[in-house]
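Side chains included, hydrogens not; waters and symmetry mates left out as well; all remaining heavy atoms used. All values derive from a computational prediction rather than experimental measurement.
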Amino acid sequence: MNKKFDVSGVTVATVVPFDEFGGINWADYRNLLEYCACAADGSIFVNGHAGERATLTRKERLQVIERTRDFIGEDRVLMAGVISYGAGDAVAQARDTLSAGSDIIVLFPSPLFAAGGAATSEVPLAFTRAVSDAVDAPLSIFQYPLSSGCGYTTETLAAMARIPNVVAIKEGSDTMTAYEDTWREVKAADPSVAILASNYEWLMLQLVVGADGILSGLASLVPHMLTDLWHSAKAENLSGMRAINDRLYPLIRAIYAKPRMDIHTRIKAGLKHLGIIGSAGSRSPLLPVTEAVAAAVAQAINQAGIDQ
């Protein structure tokens, strides 16, 4: 297996449009891919939080992978999320995603880790190694906010970086202290493991500290701007980064307002405002955004000067 899998640039974590009956609107999904996948210059990530993976059936998850692969072709990297309570089911899911066409398995922590399992390295490493040993494919580690109880320590992430199949870490610790510690320790453990900046509240700061790419659901809505931000960071153009960040600031406050569980529904409201999808629908337990929230998102998009 080639550990040097290229996941640089902006990875789009795609949302999934639903119709008024709660079914996946595949025409809208293709419109979305035409909008965001063609604008960003990195990988595509499906079946994650942005893709409302928890509400999709197994058949739908595989269809999302298959249709995304069909759209992006064979040369572009496709990442797919695996969320499971146990290692056995995670292995089965990982094999599913590979058979459907994904290149990289994005391994989420088991929800059981919230009860203290993520606080030390032993349990997360055993879980990750069980999947890695059973599935000969590249793995990306999905790092949760530390406040969730499922976020890994820097020591754990550095140890995971030494696992041969691990090629990337989606760094969502949600603190700059943890991000910088992880950046330094993981690069010391294995420089080839990519660190993908993710928390938008900290994204510009993460890029200043160091990153190998961006992975974000926000790239479904503003792929051009995140790509410009990434290229400004690579060029060490701080004034350019600030200019983009200033334009994004009101939109970020509108999208990432509390409750956080509605982030991706707000992104879909923005996509509807831009005319890219026809509905901002969601599936339970998520609820559709209110008219007031949709208006606030639309106003922020207009203020930022974003159009399709």
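- No more than 12 heavy-atom neighbours from other residues, nucleotides or ligands sit within 6.0 angstrom of CZ on R184.
- Within the 3.5 Å criterion, the main-chain N or O of L215 finds no donor-acceptor partner in the side chain of T11.
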Salt bridge (charged side-chain N to carboxylate O under 4.0 Å, His left out) for K59 and E66? Distances and angles first, verdict last.
CA-CA 10 Å; K59 179 180 178 180; E66 291 164 353; over 6 Å; no
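- In this structure, F113 has its ring center closer than 6.0 angstrom to the ring center of F127.
- Residue R53 is tested with V46, V64, V82, N47 for a side-chain contact (heavy atoms from CB on, under 4.5 Å); the sole match is N47.
- A donor atom on one side chain and an acceptor atom on the other are not found under 3.5 Å apart for D70 and T68.
- Judged by distance alone, the side chains of H231 and D41 do bring a donor and an acceptor atom under 3.5 Å apart.
- With contacts defined as side-chain heavy-atom distances shorter than 4.5 Å, the pair S216/L226 qualifies.
- Residues in residues 229-239 take part in no salt bridge (charged side-chain N to carboxylate O under 4.0 Å, His left out) pair, two or more places apart or across chains.
- Within the 4.5 Å cutoff, the side chain of L32 has no heavy atoms near those of the V16 side chain.
- In this structure, D212 and S8 have side chains that are not in contact, with every pair of non-hydrogen atoms separated by 4.5 Å or more.
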For D96 and R58: C-alpha separation, side-chain torsions, deciding distance, then whether salt bridge (charged side-chain N to carboxylate O under 4.0 Å, His left out) applies.
CA-CA 9 Å; D96 258 1; R58 173 180 177 269; 2.6 Å; yes
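- Put simply, the side chain of N199 never gets that close to the backbone of W202: no donor and acceptor are under 3.5 Å apart.
- Separation of atoms OG1 (T120) and OH (Y152) is listed at 11.5 Å; rounding is to 0.5 Å.
- Nearest approach of A13 to A50, heavy atoms of both residues: O-CB, 3.6 Å.
- Ion pairing between D6 and R76 fails under the 4.0 Å rule for side-chain N and carboxylate O.
- N31 places no side-chain N or O within 3.5 Å of a backbone atom of I277 that could act as its donor or acceptor partner.
- Using a cut-off of 4.0 Å between Lys/Arg side-chain N and Asp/Glu carboxylate O, K268 and E52 are scored as salt-bridged.
- The OG atom of S140 lies 11.0 Å from the CE atom of M160; values are rounded to the nearest 0.5 Å.
- Shown here is E60, whose CD atom has more than 12 heavy atoms of other residues, nucleotides or ligands within 6.0 Å.
- In terms of heavy atoms, F71 sits closest to A37 at CE2-CB, 4.2 Å.
- Checking side-chain atoms of S102 against main-chain N and O of T97 turns up a donor-acceptor pair under 3.5 Å.
- Rounded to the nearest 0.5 angstrom, L125 CG and I163 CD1 are separated by 5.5 Å.
- Proximity of L274 to L221: side-chain heavy atoms (C-beta onward) are separated by under 4.5 Å at one or more points.
- At a threshold of 4.5 Å between non-hydrogen side-chain atoms, the residues F18 and L286 do not count as touching.
- You'll find the side chain of D190 stays beyond 4.5 Å of the side chain of R162, heavy atoms only.
- Side-chain contact, T182 with E180: no donor N or O sits under 3.5 Å from an acceptor N or O.
- Of all the heavy atoms in Q206 and S198, the pair that sits closest is OE1-N, 3.2 Å.
- Counting only distance, with no hydrogens or angles, the side chain of N165 and the backbone of P138 share no donor-acceptor pair below 3.5 Å.
- Using a cutoff of 4.0 Å between basic side-chain nitrogens and carboxylate oxygens, E201 and R260 are scored as salt-bridged.
- Side chains of R247 and M225 form a contact here, defined as non-hydrogen atoms less than 4.5 Å apart.
- When only modelled atom types and interatomic distance are considered, D181 and T154 share no side-chain donor-acceptor pair under 3.5 Å.
- Smallest separation of non-hydrogen atoms from V131 and A87: CG2-O, 4.3 Å.
- F45 and F142 have tilted rings, their planes meeting at an angle from 30° to 60° on a 0 to 90° scale.
- I44 CD1 to I65 CD1: the interatomic distance, rounded to the nearest 0.5 Å, is 13.5 Å.
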